[in-house]
Amino acid sequence: MGGNHYYNNNGNDAHYYYEEDEVEVWADSEEGVDLYFVIFLTLLAMALTFSKFLHDSPRVSAILPEAGMIIILGALAGVVLWFVTPVSEQTHSDDAVADGDDAAGDGQHVEEDISLFVAEGLLSFSPKVFFFVLLPPIIFNSGYTLKREVFFRHIGPISLFACAGTAISAFAVAFFLQMAKDLGLLGNFSPRFTELLSFGALISATDPVSTLAVFQAKQVDPQLFYLVFGESVLNDAVGLVLFKTTSKLVGNEDDIGKVATVVVQFLVDFSIGFIGSMILGFLSGIICAFFLKKIDMRHTPLLELSFFFLNMYLPFFVAELFELSGIVAILFTGISLRRYATHNLSESTEETADQIFRLVAHLAETSIFLELGLCVVKFSEKVSDNWKFSAYAALACLIGRALNVYPLRTLYNLFLRRKENEDHFNHAFDISSSDSFDFREKNVLNNDSMLNEQPTLTPARRKDLKVRNNTAHMLWFAGLRGAVAYACAKEFPNAYGNREVFVFTTMAIVLFTVFVFGCTTDAALSFFQIEVNVDEEKYMDENDTVDKMMFINKFEIKYIYPKVIRDYDGSNQKDVHLTNLSVIGEDSTYNNPSTVVPNQSPVRRNQSNDRASTADTFSSRGGRRNTSIYDYGHTVRRPQMPAAHRRSLRMRYMSKDRFLDDATLIS
């Protein structure tokens, strides 16, 4: 029988929670399964309907995020279930079951009204369902719709905030709460430091879905979007590893050898796990692309779509089987599949798969917040007992977030400035690159937007890399907590009987951040003077985002594409979409005139027209702008040119004299 264990005060393993037994009771009954899914799917349909009305009311959606609305709906439904079924009375009898009265309990299970067990199942949040069913499609779709060039351009600060920042935040929360306990501010609650450290690890996992939805609707600066988005995805994996590691210390505080072993194990698990998961994700996409190249399934679209859909879950469970990070693996699987495998799919399968991935991700996200809302009512009776610790824990999270963002941001900017000084010094004495240097400097001088901006320590070529003050403030503000933290809290070690306190505190912080910070994101964008309505295509063009990926593109063109993409020698009609080349001197008949930017040089205009993916896109049916966070970075197809013309343009682009040709073309 699966489920969470109950521990007594001595840390001994007693038996399973009654809550898990109740779930098994309704799941084993056909009537219970029917009733459970009728209620849950009805609530899910109501949530989707209310979301539609919310999107149609800009004034309401500006102050109430969609995630908050779904949580409110779930909380109201939980209150109804709480009072129409005898759940509240049964909750008080759980202690008797926990004390070992199993003989009487087993005989009473069948006699109880099935509605009681269904209500208990609805009001309970299952960490296993969350981690293994709902989370993979959300992370996968995030990687699948990701704009790779922008994401990897900012991978440095993303990794810094996600890895080092999560560890800093965890320890800051633990030390602050320990100090509050030593000062007697927590009342009668006296947790061990190892418990506080485990709590700091789980509460450091961010989930800024509400904030990202507003970012997408407002079209904020792509740097800010990808810093928040990338950190939230990667720090979930870091937080999970850190939580699992620190949880092993609870109950073993006196064993110094155990502490040292756990610290070393964390460093090894994180290093090997993160790198191994990333490699596994990329290999999964490459293997899928190679399989689709060798076995042509385009004439059986249903089988092709079914096979492609399996990649949403298979790499996740493979990573978990080898004790790697399923979150990191499935994220890079989505990136790799979009980059390599989609070129071997039929047009209809590629479009249908994209719709299905976004559909499953949206339903999973909605279900998670609905489940969180349903769980709220079970903690209403514990507010008076735990409000002090919850209040100081929320304050500790804000302080830990600040110690995460601001010092690391300063460190990164200093590193960026030092690297720029080295580049300028080396470039000044590099005579062979003088022509290329002159051409790039001309572009900088001709770009009015660069000259008109306020002076900074970072030169214009890397201006978009610097994390400015307003961006740092918004990064701190976007540190919302969500379902990952709550799911970890449900598995908190109960060696000292404090699990319920930490679960309640985590739920309180999730609600606090979602409603306080999520509801005021729009106002925060105005207060911090964040740039909105940014054309991401223009952003990529001005900052040479594709050119910064040229080393990776060359490697892919030489070693990966010929091996995994069908007919890559020239007959592949998706070639331009794949390479993202900055085509020079292209025939205007192949350009999309709607993408022309006024007062733009011919080179930049042709680069902008030829790029195949953009976040500021319109649907091919109806011309409506995508507004879901799952559509961010969605690709749009451009009119294709003959294969021979593409090959000749690619050779010109890859030649060493490209900048001389460009300068001649401009003149």
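The shown structure was predicted, so the numbers you read here are calculated from the model rather than taken from an experiment.
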Qualifying residue for side-chain contact (heavy atoms from CB on, under 4.5 Å) with V467, from L224, N413, L408: N413
F477/F517 aromatic ring centres below 6.0 Å: yes
CZ/F492: more than 12 non-hydrogen atoms of other groups inside 6.0 Å: yes
Pi-cation contact, Y144 with R338 (under 6.0 Å, within 45°): yes
Worked verdict on R401 versus E231 for salt bridge (Lys or Arg N to Asp or Glu O under 4.0 Å): CA-CA 12 Å; R401 181 69 179 172; E231 182 207 359; 2.6 Å; yes
With A364 via side-chain contact (heavy atoms from CB on, under 4.5 Å) - residues at least two apart: L134, P137, I138
Atom pair CG/SG of L480 and C397 - distance to nearest 0.5 Å: 11.0 Å
Trace of the ring pair (Phe, Tyr, Trp, His ring centres under 6.0 Å) decision for H154 with Y226: CA-CA 7 Å; H154 300 291; Y226 278 95; 7.6 Å; no
F215 side, atom CZ; F225 side, atom CZ - distance, nearest 0.5 Å: 8.5 Å
Derivation and outcome, salt bridge (Lys or Arg N to Asp or Glu O under 4.0 Å), residues K218 and D522: CA-CA 9 Å; K218 293 289 185 179; D522 199 352; 3.5 Å; yes
Aromatic centroids of Y313 and F132 separated by under 6.0 Å: no
cation_pi(R192, Y496) dist<6.0 Å, angle<=45: yes
Would you give me the side-chain donor-acceptor pairs under 3.5 Å for residues 160-180, sequence neighbours excluded?
from : atom 1 : to   : atom 2 : distance (Å)
T166 : OG1    : A162 : O      : 2.5
S169 : OG     : S204 : OG     : 3.2
Q178 : NE2    : D182 : OD1    : 3.2

Spacing of CG belonging to L395 relative to CG belonging to L185, to within rounding of 0.5 Å: 10.5 Å
